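Data block below; observations after.
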Amino acid sequence: MSKTTKRSPWAWIPTLYFAQGLPYVAVMTISVIMYKRLGISNTDIALYTGWLYLPWVIKPFWSPFVDIIKTKRWWTLSMQWLIAFALAGIAFAIPAPFFFQLTLAIFWLVGFTSATHDIAADGFYMLALTEHEQSLYVGIRSTFYRIATVAGQGLLVIVAGLIETNTGLEPLQLSVNADPTAEWSAAKMDAIYSAEADLQGELQFITTTDRLTASTQTPDEVAVNIGEAIKKLPFKEYVAIMRDSVKHSNERNGFVTAETPATTSSATSSANGRSAFTEWVASTFGEDRQAYTERSNNIATVGIRLNRKPAAGEKIVLNVTHRSGDQSIKLEQAALSTRFVFNENNWDKTAWLFYEIDHKLQTQAQANFNGASGNIPMAWMVVFAVLSVFFFIVAAYHSRALPKPSSDSNGASATSASEIMHEFFATFKSFFKKKQVWIAIAFMLLYRLPEAQLVKLINPFLLDPIDKGGLGLTTGQVGVVYGTVGIIGLTIGGIIGGIVAAKGGLKRWLWPMAWSMSLTCLTFVYLSYAQAPSLLTVNVCVFIEQFGYGFGFTAYMLYLIYFSEGRHKTAHYAICTGFMALGMMLPGMAAGWLQETIGYRHFFIWTMICCAATIGVCAFLKIDPSFGRKEQKA
């Protein structure tokens, strides 16, 4: 390892990986929220933003150029400056009439730039640190990457919400209370009519009620007027009718733009049917469990309208979101819009919100919702302006803070186009000529085989009712268990893993970490067989499993670094991350089908069987005992 300019890794690792996480969140998450708030249809959002993940999938294919041309430090700083300008471009493009096409094009640029930044930053990390330091800080870099995702999805969205709230009409405040002891009553859709007093004063929103109480209990059947007859329908059908009524009413009155329903695919239409293979798997390996009858959540509706006519040509856009309280009281957003456009033609009509109350709630709960009608384009302009300024600052800071390792030089002496292309293909060729390459690829694909399947089913298992094999937690409880306790366990496990690996080296800690990754899966086997485990027990089990994964994942990341060592370490590490993504994607795709076929208990037992792959691939690895370990002074 070549000597580097003496500078504490704490001066640049946290900021570098925080900066690495933010563009990914901006492209993959913030863009979706922004387009939704600006009125883009769900169909277009899903279609166009879904492709934005492509740069991170195919980044290994241009990673050799980062090795061949210039230094990793140059690439890292150049990409940060380019991201700063691109984010500023998004901010300026938002008010444009064709903002969707323009911002989407810039998001593509940010995606490719950010993926290139990932390649360069990871390569620089390996060049600027000793093997011991790479082990020590591997948990720190992951932690600050996760902090960036939280800040992007949370803090920046909150900033946009505050601007929306404080730049429009008086915010609409709604409270929904869920009470298991309350008597059930049908949801009403009686239009709000103007009283003389409503037509006076400043323009504001009025509602059917600003404080609604709904029961968590539901009847088996509901009497519904169909034409001139009264017909009793199963509650599930009644819910579907009410949802359709809300949707059609909002579209008919011009509050929401009607979307063309998606065509049902052949795969979807045959989802209820089972192939012969699926039937064989279910009968041979499936649980012997009674058929489950799904119980629908209760529903409630709240109407909204303006108190008086707005000015000619004026549009008032209202966005209603969850502000605080129990997440088990949900404002339906998947099938129904919570963004309403009021104008001079529909101001005296009623727009409808549709709530679902989790039937698993056993105690009283409350959720508060906020309706903001401020300057939405300006709110998101500010968000991306803030992001842009941050990247200008961080690029300027890193220009001074990033060390200049002597080993960070041009990866090749190629100067002509033909030499560069020759070096490009030589990079891939050299990867597949490495010692133990096929063992290494097997390790990249199989080490996380249990977790790749488990991670897809943790939330459904926590949410599904007990008679379906799940734990029957409410949405709010899952937010605490997995979204808070689980993340804490994952982070602590990663940090401790980095510390111990730095002391003993990768070879010494490979087996403890592999067993940690494997044995902690037993917590979900226990939960699936336990009789009504307490919430404390669930929290402890999820913490242990996520801690074990975070601790065990350290060995995985360090091995990728170890295997990438050599002349083209930056490009080779990017190729390794491609196999890493594939190892999570393929098993995860089949996990849902397998669980539905054999049940949760047998699925979790299957994940324990898959731990044999995790342990098995480790047995074939040959690792230098000194890698990652602090050198002893003579």
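All residue numbers refer to positions in the sequence shown, counting from 1. Nothing here was measured: the structure is a model prediction, and the numbers come from that model.
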Would you say I119 and Y573 make side-chain contact, with heavy atoms under 4.5 Å? no
Can you confirm whether I496 sits close enough to F547 that some side-chain heavy atom of one is under 4.5 Å from a side-chain heavy atom of the other? yes
About how many Å separate CZ of F85 and CG of L109, when rounded to the nearest 0.5 Å? 12.5 Å
Going from CZ on F551 to OG1 on T554, what distance comes out if it is rounded to the nearest 0.5 angstrom? 7.0 Å
Answer yes if the side chains of H117 and Q80 hold a donor-acceptor pair under 3.5 Å, and no otherwise. yes
Can you tell me if Y562 uses its side chain to pair, donor with acceptor, with the backbone of L506 under 3.5 Å? no
To the nearest 0.5 Å, tell me how far I94 CD1 sits from L38 CG. 6.5 Å
Residue pair F432 / I441, side-chain heavy-atom distance below 4.5 Å: yes
Counting only N and O atoms by type, is there a donor-acceptor contact under 3.5 Å from the side chain of R73 to the main-chain atoms of L402? yes
Give a yes or no on whether M585 atom CE has more than 12 heavy-atom contacts from other residues, nucleotides or ligands under 6.0 Å away. yes
Smallest separation among heavy atoms of L457 and G592, with atom names: CD2-N, 4.0 Å
All heavy atoms of V66 vs all of T570, minimum pair found to be CG1-CG2, 4.2 Å
Side chains of H572 and S430: is there a donor and an acceptor less than 3.5 Å apart? yes
Centroid-to-centroid, Y556 to F553, below 6.0 Å? yes
For the atom pair CZ (R339) and OG1 (T321), what is the distance rounded to the nearest 0.5 Å? 13.5 Å
With a 4.5 Å limit on heavy-atom distance, are the side chains of P23 and F391 in contact? yes
Assess whether a salt bridge exists between K72 and D67, defined as any Lys/Arg side-chain N lying under 4.0 Å from an Asp/Glu carboxylate O. yes
Between Q453 and W606, does any side-chain donor sit less than 3.5 Å from a side-chain acceptor? yes
Heavy-atom count check: over 12 atoms from other residues, nucleotides or ligands less than 6.0 Å from W108 CH2? yes
Is it true that the side chains of W75 and T116 contain a donor and an acceptor less than 3.5 Å apart? no
Are the side chain of W509 and the backbone of V500 linked by a donor-acceptor contact shorter than 3.5 Å? yes
Could you work out, with side chain to side chain contact (heavy atoms under 4.5 Å, CB included) as the rule, every residue matching V32, not counting sequence neighbours? I45, T49
Passing candidate, side chain to side chain contact (heavy atoms under 4.5 Å, CB included) with F107, options Y48, Y35, W51, F112: Y35
Does atom CZ of F100 have more than 12 heavy-atom neighbours, drawn from other residues, nucleotides or ligands, at distances under 6.0 Å? yes
Under the rule for ring pair (Phe, Tyr, Trp, His ring centres under 6.0 Å), what residues qualify as partners of F390, not counting sequence neighbours? F18
Apply salt bridge (Lys or Arg N to Asp or Glu O under 4.0 Å) to R448 and list each qualifying residue two or more places apart in sequence or on a separate chain. none
Between Y559 and L510, is any pair of side-chain heavy atoms under 4.5 Å apart? no
Quick check, are the ring centers of F443 and F620 under 6.0 angstrom apart? no
Is there a donor-acceptor pair under 3.5 Å between the side chain of Y447 and the backbone N or O of A613? no
What's the shortest heavy-atom distance between A11 and A401, and which atoms? O-CB, 4.1 Å
Kindly indicate whether the side chain of I30, heavy atoms from C-beta on, has any atom under 4.5 Å from the side chain of F384. yes
Quick one: do I90 and V110 satisfy side chain to side chain contact (heavy atoms under 4.5 Å, CB included)? Show the steps, please. CA-CA 10 Å; I90 293 174; V110 173; 4.3 Å; yes
Just wondering, more than 12 heavy atoms not from R146 lying within 6.0 Å of its CZ? yes
Heavy-atom distance under 4.5 Å between the side chains of R37 and E164, does that happen here? yes
Minimum heavy-atom separation for K622 to Q436, with atom names? N-OE1, 2.9 Å
Is there a donor-acceptor contact under 3.5 Å from the side chain of Q134 to the main chain of L558? no
Without swapping roles, check the side chain of T167 against the backbone of N375 for a donor-acceptor pair under 3.5 Å. yes
Between atom OG of S626 and atom CD of E131, what is the distance when rounded to the nearest 0.5 Å? 6.0 Å
Under a 3.5 Å threshold, yes or no: a donor from one side chain and an acceptor from the other, between Y17 and D122? yes
Hey, is the main chain of W515 close enough, under 3.5 Å, to the side chain of S518 for a donor-acceptor pair? no
Whether the T76 and H398 side chains hold a donor-acceptor pair (N or O, under 3.5 Å, no angle test) is what I'd like checked. no
Could you check whether F431 and F563 have their ring centres less than 6.0 Å apart? yes
One pair to check against side chain to side chain contact (heavy atoms under 4.5 Å, CB included): Y24 and D118. What are the steps and the verdict? CA-CA 10 Å; Y24 178 83; D118 291 357; 5.9 Å; no
Answer with yes or no after comparing the ring centroid distance for Y397 and W12 against a 6.0 Å cut-off, counting only values under it. no
Reported NZ-to-CZ distance for the pair K569 and F124, which is rounded to 0.5 angstrom: 12.0 Å
Do S114 and W56 make a side-chain contact, defined as non-hydrogen atoms from C-beta onward lying under 4.5 Å apart? yes
